[in-house]
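As structure tokens, the structure follows; a few thoughts come after it.
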Amino acid sequence: RKRVEQTTGVVLHNNSLYPALKRFEEAGAVTKTAHSQSGRPPRLVYELTPVGHELLHDLLADLPPDQAADEVEFITRLGQFSLLNPAERTGVLAARSRAVHEQLTHLRAMRDLSGERGEQWGALVTSELIARHERELAWLAELGERAAHDDPPPATDPPAATDPPGQLHSQDGRPVR
């Protein structure tokens, strides 16, 4: 849980985490240890077993089409790329790229339909989503180059304290106006 949250910012909720941990425990993938706390229920600590490390690796390396279309699923895997080899990273990126291409095709059809129906707001929204998907495809291509050569991307600095809240930045760090 901590690793996912620290590497991606994705917050794993207990409603999905604990059922998964129970399945992992039943499969011998994790061990559970209770640590007593004063005045509170015991704190449960889960640790991956060797089987769990193997299972986690296999789950990260496989990105089926339905999960490739889910941004959180992809980002979660991307944050764990250090656990995968270059070929596995490339496979995950290719799966996400295929999913984004499919979404892009659908969005273009929806934009055209909005235009035909005179739905200016619908066309505006789908045009923005198309632009975002096109930017993601360019980013995926860049990541693919790095992943194929086992070259981790450089860390980016957070926005400067003088930037207005929500200020967007280009890849080279300049504020987008």
Side-chain angles (χ1 to χ4, degrees), residues 1-37 40-110 129-158 169 171:
R1 179 182 197 163
K2 287 180 183 176
R3 181 180 169 94
V4 169
E5 291 177 4
Q6 290 171 348
T7 59
T8 66
V10 173
V11 176
L12 297 176
H13 297 285
N14 291 345
N15 292 343
S16 59
L17 179 62
Y18 285 102
L21 284 172
K22 183 166 180 57
R23 288 192 306 272
F24 269 48
E25 186 178 16
E26 290 168 354
V30 296
T31 58
K32 175 174 67 174
T33 308
H35 294 272
S36 61
Q37 302 182 100
R40 299 180 67 189
R43 179 174 176 247
L44 300 177
V45 177
Y46 294 84
E47 290 188 61
L48 285 172
T49 65
V51 169
H53 282 282
E54 190 175 320
L55 180 60
L56 176 62
H57 174 268
D58 292 348
L59 287 170
L60 292 172
D62 180 41
L63 187 58
D66 61 319
Q67 293 179 359
D70 183 325
E71 184 177 9
V72 173
E73 282 288 341
F74 169 68
I75 292 296
T76 300
R77 281 174 174 78
L78 182 60
Q80 310 308 311
F81 262 22
S82 63
L83 301 174
L84 301 178
N85 67 43
E88 292 164 334
R89 293 177 195 151
T90 300
V92 169
L93 292 168
R96 177 62 180 172
S97 184
R98 284 189 299 274
V100 172
H101 275 288
E102 289 175 14
Q103 292 169 350
L104 197 50
T105 298
H106 175 73
L107 287 168
R108 287 179 175 142
M110 297 310 298
L129 292 173
I130 288 167
R132 291 179 185 190
H133 280 66
E134 288 171 342
R135 283 192 302 272
E136 182 174 352
L137 287 172
W139 181 57
L140 289 169
E142 180 184 324
L143 290 174
E145 287 295 316
R146 292 179 181 278
H149 298 95
D150 206 18
D151 183 18
T156 57
D157 292 329
H169 292 79
Q171 288 184 342

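Keep in mind that this is a model prediction, so the values were computed, not measured. These numbers come from the heavy atoms of this one structure, side chains and all, not from hydrogens, waters or symmetry mates.
Once rounded to the nearest 0.5 Å, the distance linking CG of L48 with NE2 of H53 reads 4.5 Å. Summarising the geometry, atom CG belonging to L93 is positioned 10.5 Å from atom CZ belonging to R98; distances are rounded to the nearest 0.5 Å. Residue L60 holds its CG atom at 11.5 Å from CZ of R89, rounded to the nearest 0.5 Å. How far NE2 of H133 is from CG of L140: 10.5 Å, rounded to the nearest 0.5 Å.
Counting only residues at least two apart or in different chains, salt bridge (charged side-chain N to carboxylate O under 4.0 Å, His left out) contacts with residues 43-61 are absent. Counting only residues at least two apart or in different chains, salt bridge (charged side-chain N to carboxylate O under 4.0 Å, His left out) contacts with residues 9-25 comprise K22-E26, E25-K32.
Residues satisfying the side chain to side chain donor-acceptor pair (under 3.5 Å) criterion with Q67, sequence neighbours excluded, are R77. For E134, the side chain to side chain donor-acceptor pair (under 3.5 Å) partners at least two apart in sequence or on another chain are R108. Take E88 and apply the side chain to side chain donor-acceptor pair (under 3.5 Å) test, not counting sequence neighbours, and it matches H57, N85. Residues forming a side-chain contact (heavy atoms from CB on, under 4.5 Å) with T49 (at least two apart in sequence, or on another chain): T31, V51. L78 meets the side-chain contact (heavy atoms from CB on, under 4.5 Å) test with F74, I75, F81, W139, L143; sequence neighbours excluded. Here R96 pairs with E136 under the side chain to side chain donor-acceptor pair (under 3.5 Å) rule; sequence neighbours left out. Partners of P65 according to the side-chain contact (heavy atoms from CB on, under 4.5 Å) rule, which considers only residues two or more places apart in sequence or in another chain, do not exist here. A search for side-chain contact (heavy atoms from CB on, under 4.5 Å) contacts involving L55 returns F24, A29, L59, not counting sequence neighbours.
Residues L21 and V30 come closest through the heavy atom pair O-CG2, 3.8 Å. P42 and Q37 make their closest contact through C-NE2, 4.0 Å (heavy atoms, listed as atom of the first residue, atom of the second, distance).
Checking side-chain atoms of T90 against main-chain N and O of P86 turns up a donor-acceptor pair under 3.5 Å.
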